[in-house]
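Shown next, in structure tokens, is the structure this report addresses.
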Amino acid sequence: MPRHDTSNAPVFSLYYIAIDTEAGVTPEQFEAFVRHKGVHIPCYPGWRWTLLRGLRGERAGQYMMLFEIDDAGQRDRYLEADGNQTELARQFWRDRPEARELVREWRKYGTFSELPTIYTDYRLLAENKNSTVADGPRYQERGPGEEPLARVIGIHNLALRPDVRADTFESFIAENHHRIEDYPDWKFRLLKGERGNRLDQYVVLMEIASLAALHAFYPDADIATDEAAEFAKTYRDTKQMYEEWKQLASFSGSPQIYTDYLSVAESRS
């Protein structure tokens, strides 16, 4: 089966985060703590995280931690397949008592990205390398009076149609994803659950440069603008590729489970 070599591809890990509303914690308090103090919790080498808040969809108003890790090898240095820390990870935290104190403070507001939090590690199956969305921060404070840079992350769950084998769908994606043209300031990735709580599930991870770039094409959930319609007319082969995709598996958007998230903080170290 044709496959792209993903051995050096980044790994994406998603952790469900819940704030302690029973203790009176508000979203504003949690986000203020994370931006001012939580962002200083160090990351393992080759790791970075973004805190996301649901904008619309299934988990609107709820939080997710998105980790992007250089590759699976770098993940495995610090995290066992069952979600427990490796000895190298335990030593990392033993060497950083000030970081352990910040994690303890974080837990006063809500859950942290570690067991028993629900999580999944995803491997990258395909991405649009021609996207106008460049590598860079997903959240960044800017000058006085300026809105922060805040990317939108869409997480769209997919399911195979009856009697479609996983390798059939993955072969189709490997052979055809180059036909995808994203909207300006959008970037497509297809991921597959590798370990954690959602094994073997596929998600489209759509990274969008800003709220303005989202609203230019979809100001409301699944309601496309005229610009989106014109784009589809211009890139007819992309639309055709999506129609072929739908013969094998579900597609992004309703009626599939999905959430569009807004980035609200990002690790600094």
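- Panel note: side chain Ser131, backbone Val133; a donor-acceptor pair is recorded below 3.5 Å.
- Residues Glu98 and Arg100 are not paired through a salt bridge, judged by the lack of any N-O separation under 4.0 Å between the basic side chain and the carboxylate.
- A salt bridge links Asp76 to Arg195: one of the charged nitrogens lies within less than 4.0 Å of a carboxylate oxygen.
- By the 4.0 Å N-to-carboxylate-O rule, Glu101 lies close enough to Arg104 to be salt-bridged with it.
- Under 3.5 Å, the side chains of Glu31 and Tyr63 contain a donor-acceptor pair of N or O atoms.
- In the displayed structure, Arg161 atom CZ is contacted under 6.0 Å by more than 12 heavy atoms of other residues, nucleotides or ligands.
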(request) Take Trp93 and Tyr44, measure what side-chain hydrogen bond (donor to acceptor under 3.5 Å, both in side chains) needs, and give me the verdict at the end. (result) CA-CA 10 Å; Trp93 295 110; Tyr44 302 128; 2.8 Å; yes

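- Side-chain atoms of Thr259 do not come within 3.5 Å of backbone N or O of Ile155 as any donor-acceptor pair.
- Note on Leu79 and Leu124: separate hydrophobic clusters, where clusters join Ile, Leu, Val, Met, Phe, Trp and Tyr whose side-chain heavy atoms are under 4.5 Å apart, directly or indirectly.
- We find that Glu87 and Arg94 are joined by a salt bridge, their nearest charged nitrogen and carboxylate oxygen being less than 4.0 Å apart.
- Ser13 and Asp121 share a side-chain donor-acceptor pair at under 3.5 Å.
- For the residue pair Arg198 / Tyr122, no side-chain donor-acceptor distance below 3.5 Å is found, with atom types taken as modelled.
- We find that Arg179 and Glu244 are joined by a salt bridge, their nearest charged nitrogen and carboxylate oxygen being less than 4.0 Å apart.
- Counting non-hydrogen atoms of other residues, nucleotides and ligands closer than 6.0 Å to CG of Asp82 gives a total above 12.
- The environment of CG in Asp95 is crowded: more than 12 heavy-atom neighbours from other residues, nucleotides or ligands sit within 6.0 Å.
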(request) Apply the test side chain to side chain contact (heavy atoms under 4.5 Å, CB included) to residues Val39 and Leu51: give CA-CA distance (whole Å), side-chain angles for both, the deciding distance (0.1 Å), then the verdict. (result) CA-CA 10 Å; Val39 293; Leu51 179 66; over 6 Å; no

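- We find the CZ-OG distance between Arg151 and Ser263 to be 8.5 Å, quoted to the nearest 0.5 Å.
- Ion pairing of Arg138 with Glu266 is absent here, as no side-chain N (NZ or NE/NH1/NH2) approaches a carboxylate O to less than 4.0 Å.
- With hydrophobic clusters built from ILVMFWY side chains whose heavy atoms lie under 4.5 angstrom apart, Phe188 shares a cluster with Leu248.
- Using a cutoff of 4.0 Å between basic side-chain nitrogens and carboxylate oxygens, Glu127 and Arg189 are scored as salt-bridged.
- Side-chain contact, Tyr258 with Arg56: no donor N or O sits under 3.5 Å from an acceptor N or O.
- By the neighbour-count criterion of 12 heavy atoms within 6.0 Å, atom NZ of Lys246 is densely surrounded, having more than that number from other residues, nucleotides or ligands.
- Between the side chain of Arg96 and the main chain of Phe92, a donor-acceptor pair closer than 3.5 Å is present.
- Residues Tyr183 and Phe231 place their aromatic rings such that the two centres sit under 6.0 Å apart.
- Ring to ring, Phe172 and Trp245 are not that close: their centroids are 6.0 angstrom or more apart.
- A salt bridge links Arg107 with Glu114: the distance from a Lys NZ or Arg NE/NH1/NH2 to an Asp or Glu carboxylate oxygen falls below 4.0 Å.
- A salt bridge does not link Glu181 to Lys239: none of the charged side-chain nitrogens sits closer than 4.0 Å to a carboxylate oxygen.
- A centroid separation of less than 6.0 Å is found between the aromatic rings of Phe30 and Trp106.
- Ile173 is connected to Leu158 through a chain of hydrophobic side-chain contacts under 4.5 Å among Ile, Leu, Val, Met, Phe, Trp and Tyr, so both are in one cluster.
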(request) Check the pair Tyr139 / Glu141 against side-chain hydrogen bond (donor to acceptor under 3.5 Å, both in side chains), numbers first and verdict last. (result) CA-CA 7 Å; Tyr139 181 88; Glu141 299 284 352; 2.7 Å; yes

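- The six-membered or imidazole ring of Tyr16 lies away from that of Tyr119, with a centre-to-centre distance of 6.0 Å or more.
- The closest donor-acceptor contact from the side chain of Thr86 to the backbone of Glu80 lies at 3.5 Å or more, if one exists at all.
- The backbone N or O of Asp167 lies less than 3.5 Å from a partner atom in the side chain of Ser171, making a donor-acceptor pair.
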(message) One pair to check against side-chain hydrogen bond (donor to acceptor under 3.5 Å, both in side chains): Asn128 and Asp182. What are the steps and the verdict?
(response) CA-CA 8 Å; Asn128 180 10; Asp182 283 321; 2.9 Å; yes

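- Note that CG of Leu52 is 8.5 Å distant from CG of Leu262, once rounded to the nearest 0.5 Å.
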(message) Pair Tyr15, Phe67 - check ring pair (Phe, Tyr, Trp, His ring centres under 6.0 Å), show working.
(response) CA-CA 8 Å; Tyr15 285 78; Phe67 284 85; 5.5 Å; yes

(request) Go through the steps for Gln256 and Ser250 under the test side-chain hydrogen bond (donor to acceptor under 3.5 Å, both in side chains), then give the verdict. (result) CA-CA 7 Å; Gln256 299 307 307; Ser250 58; 3.3 Å; yes

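- Of the residues listed (Gln62, Arg53, Arg59), the one engaging Tyr261 in a side chain to side chain donor-acceptor pair (under 3.5 Å) is Arg59, and it is the only one.
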